[in-house]
Amino acid sequence: MINGIIATVVFVRDLASCTTFYRDTFKLPYMGSDANSSTFLLQERHLILLSISGAADLLGADLNTFKIDGAPRVVLAASVEDVDAAYEALKVEGVTFLRPPTDQSWGLRTAHFADPEGNLWEINQPIETKTEG
């Protein structure tokens, strides 16, 4: 039934600030924007930032009753070559981490941060590929 996930859509309150974060700080490949969305390409999948009005329109909801407040419900996990190097590079860009690089019992080294609106991200790599330094 499902052939695969082709896009992840993140609802955001401040499209401009989140676009700047993902494009300039997180340095994701930027595909473009319109009044309600910004799109980034990650390999063969899209990450789409969608404004509140765009989200309400997409879901056919009344903008005045559409709510995205509350605790995060999703963690976007991204693989990187070296978690420690990515952690340091993102810290230099001003990213505040919720958890520094940590070896997990399930075989990944992970670090966690939030974008400007609290959407959670994990960067990870298999522990066996961690470079010794």
Side-chain angles (χ1 to χ4, degrees):
M1 181 179 289
I2 295 175
N3 293 327
I5 295 173
I6 61 166
T8 299
V9 179
V10 178
F11 299 160
V12 299
R13 290 181 290 274
D14 185 340
L15 181 60
S17 137
C18 286
T19 298
T20 298
F21 175 82
Y22 283 92
R23 182 189 59 221
D24 301 340
T25 303
F26 205 30
K27 302 191 185 323
L28 295 183
Y30 179 64
M31 302 304 294
S33 295
D34 61 28
N36 286 311
S37 68
S38 292
T39 302
F40 301 85
L41 186 63
L42 297 170
Q43 295 173 342
E44 295 178 12
R45 291 172 184 79
H46 291 91
L47 171 68
I48 301 167
L49 305 178
L50 193 59
S51 70
I52 300 300
S53 60
D57 185 53
L58 174 71
L59 300 175
D62 177 6
L63 180 60
N64 296 319
T65 61
F66 189 74
K67 307 254 187 265
I68 66 166
D69 293 333
R73 290 175 250 181
V74 174
V75 174
L76 302 166
S79 63
V80 295
E81 282 187 41
D82 184 327
V83 166
D84 296 273
Y87 170 79
E88 293 300 331
L90 289 168
K91 279 179 47 180
V92 166
E93 293 290 339
V95 174
T96 301
F97 277 78
L98 304 170
R99 187 172 196 189
T102 304
D103 288 347
Q104 303 295 345
S105 61
W106 54 87
L108 291 178
R109 183 162 178 79
T110 66
H112 294 90
F113 64 93
D115 74 7
E117 295 204 3
N119 298 302
L120 298 178
W121 275 87
E122 171 186 285
I123 53 174
N124 66 56
Q125 75 180 92
I127 290 173
E128 63 272 7
T129 64
K130 173 144 178 19
T131 55
E132 297 300 321

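As the structure is a computational prediction, the values presented were derived from the model and not from experiment.
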Same cluster (ILVMFWY, side-chain, under 4.5 Å), Leu42 and Val83
yes
Pick one: which of Gln125, Arg109, Glu88 meets side chain to side chain contact (heavy atoms under 4.5 Å, CB included) with Pro101?
Arg109
Heavy-atom pair of closest approach, residues Leu28 and Leu47:
CD1-CD2, 3.6 Å
If you round to the nearest 0.5 Å, how far is CG of Leu90 from CZ of Phe97?
4.5 Å
Gap separating the OG1 atom of Thr110 from the CD atom of Glu122, nearest 0.5 angstrom
5.0 Å
If we only count heavy atoms from C-beta on, is the Leu15 to Leu49 side-chain gap below 4.5 Å?
yes
Is His112 close to Thr102 at the side-chain level, that is, under 4.5 Å between some pair of heavy atoms?
no
Of all heavy-atom pairs linking Gly107 and Glu128, the shortest is O-OE1, 4.4 Å
In terms of heavy-atom contacts, Asp24 and Glu93 come closest through O-OE1, 4.2 Å
Separation of Ile123 CD1 from Leu76 CG (nearest 0.5 Å)
13.0 Å
Measuring from Phe113:CZ to Leu120:CG, what's the distance to the nearest 0.5 Å?
9.5 Å
Do Leu108 and Leu98 belong to the same hydrophobic cluster, where Ile, Leu, Val, Met, Phe, Trp and Tyr are linked whenever their side-chain heavy atoms lie under 4.5 Å apart, directly or via other members?
no
Counting C-beta onward and ignoring hydrogens, is there a side-chain heavy-atom pair between Asn119 and Val12 closer than 4.5 Å?
yes
In the single-linkage hydrophobic clustering (I, L, V, M, F, W, Y; side-chain heavy atoms under 4.5 Å), do Met31 and Tyr22 co-cluster?
no
Drop me the distance from Arg45's CZ to Ile6's CD1, to the nearest 0.5 angstrom.
10.0 Å
How long is the straight-line distance from CD1 of Ile48 back to CZ of Phe40, given to the nearest 0.5 Å?
10.5 Å
Do you know which two heavy atoms are closest between Phe21 and Ala114, and how far apart they sit?
CZ-O, 4.5 Å
How about Thr19 and Ser33: do any of their side-chain heavy atoms sit closer than 4.5 Å?
yes
Mind checking side chain to side chain donor-acceptor pair (under 3.5 Å) for Tyr87 and listing every partner two or more places apart, or none if nothing turns up?
none
